[in-house]
Amino acid sequence: MTKLPNAAQFEVVVQVPRQFDKYVDSAMLRLQSLYPTCRLATIDGAISIGSSGSLAEDQLRRAVLHTLYREKIYAETLSMRQALFRAVTGR
């Protein structure tokens with residue numbers, strides 16, 4: 001991650017597409033663990049991240065969108081992975 005020396009505080013607001021609405025809570029939990037110094041909030045169909053400036057805005061935006069996508073993939077493939085586990089282990 002790129003560190004910005006002596007950067008000011010800023011807020012990044014990332015609009016969440018409708019098909020990702022139900023994954024916002026789990027994505028925010030994952031983002032909080034990845035960026036514990038950032039402030040996260042949901043605002044009218046968007047995720048807001050406040051940073052002290054140690055991270056670039058584009059990095060935060062990319063992280064939010066990537067995390068939302070990962071949560072969607074995880075949720076949509078969970079039943080398939082569980083069925084595969086049952087088939088392999090015989091449970």
Only pairs under 3.5 Å count here: list side-chain donor-acceptor contacts from residues 19-29, not counting sequence neighbours, and write none if there are none.
| from | atom 1 | to | atom 2 | distance (Å) |
| --- | --- | --- | --- | --- |
| Ser26 | OG | Tyr23 | O | 3.2 |
| Ser26 | OG | Glu71 | OE1 | 3.2 |

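Annotation: Arg81, atom CZ; neighbour count of heavy atoms from other residues, nucleotides and ligands within 6.0 Å is above 12. Enclosure of atom CG in Asp58 by more than 12 non-hydrogen atoms of other residues, nucleotides or ligands within 6.0 angstrom is indicated.
Looking at every heavy atom in both residues, Phe10 comes nearest to Ala56 through CZ-C, 4.2 Å.
Both Leu65 and Tyr69 are assigned to one and the same hydrophobic cluster, defined by single-linkage of ILVMFWY side chains at heavy-atom distances under 4.5 Å. Following chains of ILVMFWY side-chain contacts shorter than 4.5 Å, one cannot reach Ile47 starting from Tyr74, and the two form parts of different hydrophobic clusters. Linking Ile, Leu, Val, Met, Phe, Trp and Tyr residues whenever their side-chain heavy atoms come within less than 4.5 Å places Leu34 and Val64 in a single cluster.
Exactly one residue among Thr67, Leu68, Leu60 makes a side chain to side chain contact (heavy atoms under 4.5 Å, CB included) with Leu31. That residue is Thr67.
Separating the NZ atom in Lys72 from the OG1 atom in Thr77 is a distance of 10.5 Å, to the nearest 0.5 Å.
Between the side chain of Arg39 and the backbone N or O of Glu11, no donor-acceptor pair lies under 3.5 Å.
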